[in-house]
Amino acid sequence: MAGLWVAALPSRPVAQQEIPMDGGPYVPRQEVAATLMKTSPPVQVTRQSEGVPGWQIAKDGVVLGYIGSTWEIANSLGYSGRPLEVLVGIDTEGSISAAKLVRHNEPVLTLGISDEDIAAYVGGFAGHDLKQSFGTNKNSLPDVISRATVSTGVIRDGILRTARTLAAARGVIAAKAGIDRVSFEPMDWSALLEAGALTQAHTSMSEASRAFAGAKVPVTAGEGDFLRVWAGLVDTPTVGQNLLGQQAFTGAVGNLGHGESALLVVSRGLYSHRGTEWRRSGTFERIAIIQNDTPWHPTAESYHMIRRLRIDGAPDVKEISLFRLPATIDPLEPFRIEVVATRPSDQGDLSMTLGVDYRLPDAFRTLPPPYDVPLWQINWREKRLAVVFVATMLAVLWLIFFAQEWIVRRPRLWRGMRLSFLTMTLFVLGWGLNAQLSVVQVVAFIHSLLGGFRWETFLIEPLIFLLWGFVALGLLFWGRGVYCGWLCPFGALQELLNALAVRLGIKQVAVPRALHERLWVLKYTAFVAILALSFYSMHDALVLAEVEPFKTAISLRMMRAWPFILFVLALLAAGLFVERFHCRYLCPLGAGLAIPAKLKIFDWLHRRPQCGRECRMCETKCTVGAIDEVGRINPNECVLCLRCQVIMLDGTQCPILKRRARAQQNTEAAK
């Protein structure tokens with residue numbers, strides 16, 4: 001992992017430099033170190049790399065405390081998928097002395113929130129007592145900043161994890177028993193085996209030959225290895241760093257989620273413990289980890305290939321696999337690793353199981369840092385009422401779509417239901433709960449996929465996570481209109497204002513079809529430009545993303561500088577004459593959602609053969625111009641308002657139904 005080369009260096013005074021060009025951790029200058037220790041320069045800054053890396057700060061020969069980097073220790077990745085680094089100082093009494101944000105690429109921290117806000121938030125951790133748990137010392141922590149919940153939540157999580165890890169490693173605080181993720185002792189292969197870090201099992205060619213007697217392809221007897229397996233947890237530095245090397249070890253444990261652990265399986269011999277079937281199925285069926293009689297098969301997502309062992313004295317091996325064990329497997333309890341070998345015979349498959357029993361040695365069961373409950377779990381508990389409300393809204397919307405055939409046959413019910421839902425979306429979902437999705441989140445998600453995706457980061461904000469999950473499913477079932485037409489607070493604001501304008505008699509402007517279709521290019525261009533620019537400069541991309549007025553109108557509730565407010569008012573004014581003006585021509589989020597909506601599976605909106613040929617009423621009545629001259633609905637532009645479905649089934653509006661009714665009346669009259 002980039003930047004972790006520093007951890008391999010011996011303890012030494014560091015040069016007065018900042019962020020290395022290779023992406024390593026920020027190295028504190030004397031002035032910064034003194035500030036974090038609440039003293040004045042000069043101070044002695046000494047690099048400490050054994051176990052948990054950091055810096056010791058002393059003055060006149062007296063140790064004042066320690067400094068750690070959240071990027072180096074907690075591997076803090078922000079909402080953008082890039083390093084979010086805070087230097088954290090702890091004193092010798094077990095409290096956070098100060099913290100300083102030194103590097104970030106967070107979208108929400110660039111615009112709309114001042115540097116003073118962030119400095120005050122980070123500085124608010126000073127004085128937090130690391131010896132107390134979150135539950136008993138919650139009031140000493142600053143609240144996450146509204147409108148920057150995810151990023152400031154990641155900052156909070158990184159500061160606490162880094163501070164506790166560093167404090168436990170330096171003996172400043174005590175911790176509960178668990179896996180020792182701190183201590184490191186150089187060992188060779190034989191020493192690790194003697195310590196019980198790896199256990200092994202072996203099946204010879206002769207044993208396999210007897211087990212597979214009668215197989216279509218027999219196994220030749222011999223003293224060689226049919227399969228020899230070594231397996232063990234590599235979470236502790238003494239095991240993992242010796243076996244894999246510093247860089248691979250840090251990458252392995254740095255990507256572990258809460259409660260997860262890393263299992264190394266090494267083998268040699270004729271038989272492969274991995275096989276090739278997993279490339280097709282996504283599951284390693286040959287290997288199972290069994291605890292409490294419950295087997296778990298590793299998946300392709302949990303697998304990481306290691307090319308070679310870095311430890312002295314390692315034997316020649318054939319395959320090295322690193323598996324991320326889920327939190328359901330307790331690494332402190334014994335478990336069994338089984339590899340099943342099979343060969344076909346005329347009577348069916350013959351099988352043989354090679355089992356390895358593993359228990360984490362006592363030598364590696366020492367002080368882990370006492371982590372608090374993950375922030376995302378706290379947020380979900382604290383916002384459970386809001387989560388239930390939003391989940392109920394989504395369930396109601398799901399029912400609306402599934403019952404659309406029944407609803408659209410009742411125009412007054414449809415109209416009342418739609419306006420009521422949009423009102424709820426605007427006032428509760430938008431202005432009340434601040435659950436407005438944004439193109440910034442799309443860009444951040446793409447960057448996180450490329451730079452280090454973590455579910456925990458996106459779970460920090462439960463309402464946004466719920467909405468994006470529902471929208472992702474909706475894109476497959478119905479298209480982008482699920483969000484744009486029903487769940488977007490700014491879209492709801494535009495449509496409600498336009499409905500009021502129509503009621504007041506404001507004449508609507510019909511944009512010519514040729515111009516209308518060419519103006520679509522604007523929003524797609526905006527989306528591509530924002531995404532492309534984000535790879536060069538996230539700040540510049542966010543400046544361009546201000547074409548999206550959601551932050552001003554919804555998140556900040558118009559409490560912003562006058563140019564932003566004027567832009568929003570101009571869009572809303574245009575929307576009085578052209579319904580959903582911004583949605584139609586300028587919204588980069590709508591454009592971004594329209595692209596994956598091409599994968600839409602179902603077509604829930606019905607058309608008749610006469611639509612577009614004998615009748616063009618739906619085309620003229622479509623408030624967003626999503627129906628073309630031949631009656632086809634463009635799913636990239638449709639907001640699923642269901643208006644066209646109401647018209648099609650309303651005998652007082654649809655010319656086709658009127659004609660059929662007249663023909664039936666004439667027929668009955670003729671009789």
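Index from 1, following the sequence.
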Participant: Closest approach of L101 and V122, non-hydrogen atoms and distance?
Facilitator: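 Heavy-atom minimum between the residues: N-CG1, 4.0 Å.
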
Participant: Taking the side chain as every heavy atom from C-beta outward, state whether Q200 and W230 have any pair of such atoms under 4.5 Å apart.
Facilitator: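 Yes, at least one pair of side-chain atoms sits under 4.5 Å.
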
Participant: Do the ring centers of W468 and F445 come within less than 6.0 Å of each other?
Facilitator: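 Centroid separation for W468 and F445: 6.0 Å or greater.
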
Participant: Counting only heavy atoms not in R384, do more than 12 sit closer than 6.0 Å to its CZ atom?
Facilitator: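 For R384, atom CZ is not crowded (no more than 12 foreign heavy atoms under 6.0 Å).
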
Participant: Decide side chain to side chain contact (heavy atoms under 4.5 Å, CB included) for I287 and W278; before the verdict, give the C-alpha distance in whole Å, the side-chain angles of both, and the deciding distance to 0.1 Å.
Facilitator: CA-CA 11 Å; I287 187 168; W278 67 273; over 6 Å; no

Participant: Would you call the rings of F226 and F212 parallel, tilted or perpendicular, taking 30° and 60° as the class edges?
Facilitator: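 Correct class here is tilted.
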
Participant: Can you check whether D235 reaches P331 side chain to side chain, under 4.5 Å on heavy atoms?
Facilitator: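 In short, these two side chains do not touch, never coming nearer than 4.5 Å.
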
Participant: Can you label the angle between the W380 ring and the F465 ring as parallel, tilted or perpendicular, going by 30° and 60°?
Facilitator: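 W380 and F465: perpendicular rings.
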
Participant: Can you find a pair of side-chain heavy atoms, one from M37 and one from I67, that are under 4.5 Å apart?
Facilitator: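 Yes, side chains in contact.
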
Participant: Verify the neighbour count for atom NZ of K100: are there more than 12 heavy atoms of other residues, nucleotides or ligands below 6.0 Å?
Facilitator: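 No, not enclosed.
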
Participant: R286 and S272: which non-hydrogen atoms are nearest, and at how many Å?
Facilitator: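 The pair with the smallest heavy-atom distance is NH1-O, 2.8 Å.
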
Participant: Hey, does the side chain of K59 reach the backbone of L64 with a donor-acceptor pair shorter than 3.5 angstrom?
Facilitator: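 It does not hold such a pair.
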
Participant: So, E338 and T353: side-chain donor and acceptor under 3.5 Å apart, yes or no?
Facilitator: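 No pair is found: no donor N or O on one side chain lies under 3.5 Å from an acceptor on the other.
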
Participant: Just wondering, do V102 and W71 contact through their side chains at under 4.5 Å, heavy atoms?
Facilitator: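 SC-SC contact between W71 and V102 ruled out.
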
Participant: Are the side chain of E319 and the backbone of H273 linked by a donor-acceptor contact shorter than 3.5 Å?
Facilitator: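 The answer is yes, because a donor-acceptor pair under 3.5 Å joins these two groups.
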
Participant: Tell me yes or no: between the side chains of T294 and N292, is some donor less than 3.5 Å from an acceptor?
Facilitator: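 No.
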
Participant: What's the shortest heavy-atom distance between L166 and G68, and which atoms?
Facilitator: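 Closest approach of L166 to G68, heavy atoms only: CD2-N, 3.5 Å.
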
Participant: I would like to know whether S190 and E194 meet side-chain hydrogen bond (donor to acceptor under 3.5 Å, both in side chains); could you show each step before the answer?
Facilitator: CA-CA 6 Å; S190 59; E194 184 177 349; over 6 Å; no

Participant: Using a strict cut-off of less than 4.0 Å between a Lys/Arg side-chain nitrogen and an Asp/Glu carboxylate oxygen, indicate whether E301 and R324 qualify as a salt bridge.
Facilitator: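 Looking at R324 together with E301, the answer is no, because their closest N to O distance does not fall below 4.0 Å.
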
Participant: Is it the case that more than 12 heavy atoms not belonging to E93 sit under 6.0 Å from its CD atom?
Facilitator: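 Check fails, neighbour count at 12 or below.
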
Participant: Nearest 0.5 Å, what's the OH-CZ distance between Y303 and R274?
Facilitator: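 The OH atom of Y303 sits 3.5 Å away from the CZ atom of R274.
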
Participant: Would you confirm whether Q291, through its side chain, and E333, through its main-chain N or O, come within 3.5 Å as a donor-acceptor pair?
Facilitator: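 Looks like yes, one N/O pair under 3.5 Å.
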
